[in-house]
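Reviewing the structure listed below.
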Amino acid sequence: MINVSTGSSDMRIVMKGPDGTINMFFDADNYALKMTHPAENATLYSDEEGFIYMNVPGQGWIKTKMGQMAAMIANVVPMNMDFLALEPTKGSVMHKIAAFAGDITIAKLENEPRAKKISGGIGSEKTVFIADGRVTITFDDKKRLESLVELPSSIRYYYEEQEITIPNAQIFSMPSF
């Protein structure tokens, strides 16, 4: 049995859906995450403490831990996945998408009744599962999560060096009512 941990790997994650493409970059050294939405010309950052950083016109960079951000991030993920059920041990809700790389494993899927292995084994470079009859989950030749596809949407993982610098930001907090 080969156990591969990807929780400490730098990665680029490309999420495609009907509303466009979102790119995420994860730097494991400082647990920093950068998310870009080219169509909206928007960039968000998230740090180990769970702050989400936004550039607000006229104010510059602000950071917040607003609970409402979770719902906003959930809306931009291109698949109907219950990732909000995964509690992050550190970081923000954005980090959960990077954490999938370590949470979704071949061993877990082999023991999951809703997942069916459709390829993989001796001599095969990739291992592929179908989950719930609609989500194709592919692992690369190193047993790392490569993609989650539920047409017309997909999340693809690329394991490559990332260096993310979190911007200096003012803390933003909602006034209490």
Side-chain angles (χ1 to χ4, degrees), residues 3-105 108 135 137 139-140 144-150 153-177:
N3 187 9
V4 177
S5 171
T6 54
S8 60
S9 294
D10 286 4
M11 63 185 86
R12 175 173 53 98
I13 304 162
V14 178
M15 299 185 295
K16 291 187 178 183
D19 296 332
T21 300
I22 295 169
N23 300 298
M24 295 181 86
F25 306 89
F26 176 66
D27 183 345
D29 295 328
N30 62 359
Y31 214 75
L33 202 140
K34 177 181 177 180
M35 184 170 107
T36 64
H37 192 314
E40 303 271 333
N41 195 24
T43 300
L44 296 176
Y45 292 86
S46 183
D47 66 16
E48 183 174 16
E49 296 176 42
F51 281 102
I52 294 176
Y53 296 68
M54 297 167 280
N55 196 344
V56 177
Q59 292 185 42
W61 286 98
I62 62 166
K63 64 181 183 177
T64 185
K65 284 189 176 181
M66 290 188 318
Q68 296 94 330
M69 288 301 292
M72 186 199 83
I73 299 301
N75 288 332
V76 299
V77 174
M79 285 184 205
N80 182 15
M81 298 183 72
D82 190 18
F83 78 99
L84 290 173
L86 298 172
E87 276 302 315
T89 53
K90 63 180 178 175
S92 72
V93 68
M94 289 169 53
H95 282 83
K96 292 177 181 182
I97 296 162
F100 279 156
D103 293 341
I104 299 174
T105 64
K108 279 186 183 175
V135 181
I137 304 168
F139 294 87
D140 67 12
R144 302 177 300 191
L145 181 63
E146 182 177 277
S147 64
L148 298 157
V149 178
E150 180 183 5
S153 302
S154 66
I155 302 175
R156 299 193 185 281
Y157 293 81
Y158 302 91
Y159 300 90
E160 56 193 35
E161 198 67 32
Q162 300 295 331
E163 194 168 314
I164 298 171
T165 303
I166 301 281
N168 289 326
Q170 298 281 341
I171 292 181
F172 174 79
S173 56
M174 295 290 287
S176 56
F177 294 98

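Residue numbers run from 1 in the order of the sequence given. Since the model is a prediction, treat every value here as computed from it, not as a measurement.
A distance of 8.5 Å separates OG1 in Thr36 from CD1 in Ile22, rounded to the nearest 0.5 Å. Here the straight-line distance linking atom CE of Met11 with atom OG of Ser9 works out to 5.5 Å at 0.5 Å rounding. Taking CG of Asn30 as the reference point, atom CD1 of Ile166 lies at 6.5 Å (rounded to 0.5 Å). Here the straight-line distance linking atom CD1 of Ile164 with atom CE of Met35 works out to 12.5 Å at 0.5 Å rounding. Going from atom OG of Ser147 over to atom OH of Tyr158 covers 8.5 Å, rounded to the nearest 0.5 Å. Note that NE2 of His37 is 9.0 Å distant from CE of Met15, once rounded to the nearest 0.5 Å.
Looking only at side-chain heavy atoms (C-beta outward), Leu33 and Ile97 stay at 4.5 Å or farther from each other. In this structure, the side chains of Leu145 and Tyr159 come closer than 4.5 Å at one or more pairs of heavy atoms. Residues Thr64 and Met54 form a side-chain contact, since some pair of their non-hydrogen atoms from C-beta on lies under 4.5 Å apart.
With sequence neighbours left out, the salt bridge (charged side-chain N to carboxylate O under 4.0 Å, His left out) criterion links Glu48 to Lys90. Listed by chain and number, the residues in a salt bridge (charged side-chain N to carboxylate O under 4.0 Å, His left out) with Glu160 are Arg12 (sequence neighbours excluded). Under the rule for a side-chain hydrogen bond (donor to acceptor under 3.5 Å, both in side chains), the partners of Asp47 that lie at least two apart in sequence or sit in another chain are Tyr53.
Between the Asp10 side chain and the Glu163 main chain, no donor and acceptor come within less than 3.5 Å of each other. Not one N or O on the side chain of Lys65 forms a donor-acceptor pair closer than 3.5 Å with the backbone of Gly50. Looking at Ser46, its side chain does come within 3.5 Å of a backbone N or O of Phe51 through a donor-acceptor pair.
Trp61 and Tyr45 have perpendicular rings, their planes meeting at more than 60° on a 0 to 90° scale where under 30° would count as parallel.
Between Phe139 and Thr105, the shortest heavy-atom contact is CZ-C, 3.7 Å. Phe25 and Gln162 make their closest contact through CD2-OE1, 3.4 Å (heavy atoms, listed as atom of the first residue, atom of the second, distance). Between Asn23 and Thr21, the closest heavy-atom pair is OD1-CG2, 4.0 Å.
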Legend entry - side chain to side chain contact (heavy atoms under 4.5 Å, CB included) between Gln59 and Gln170, intermediate numbers included: CA-CA 9 Å; Gln59 292 185 42; Gln170 298 281 341; over 6 Å; no
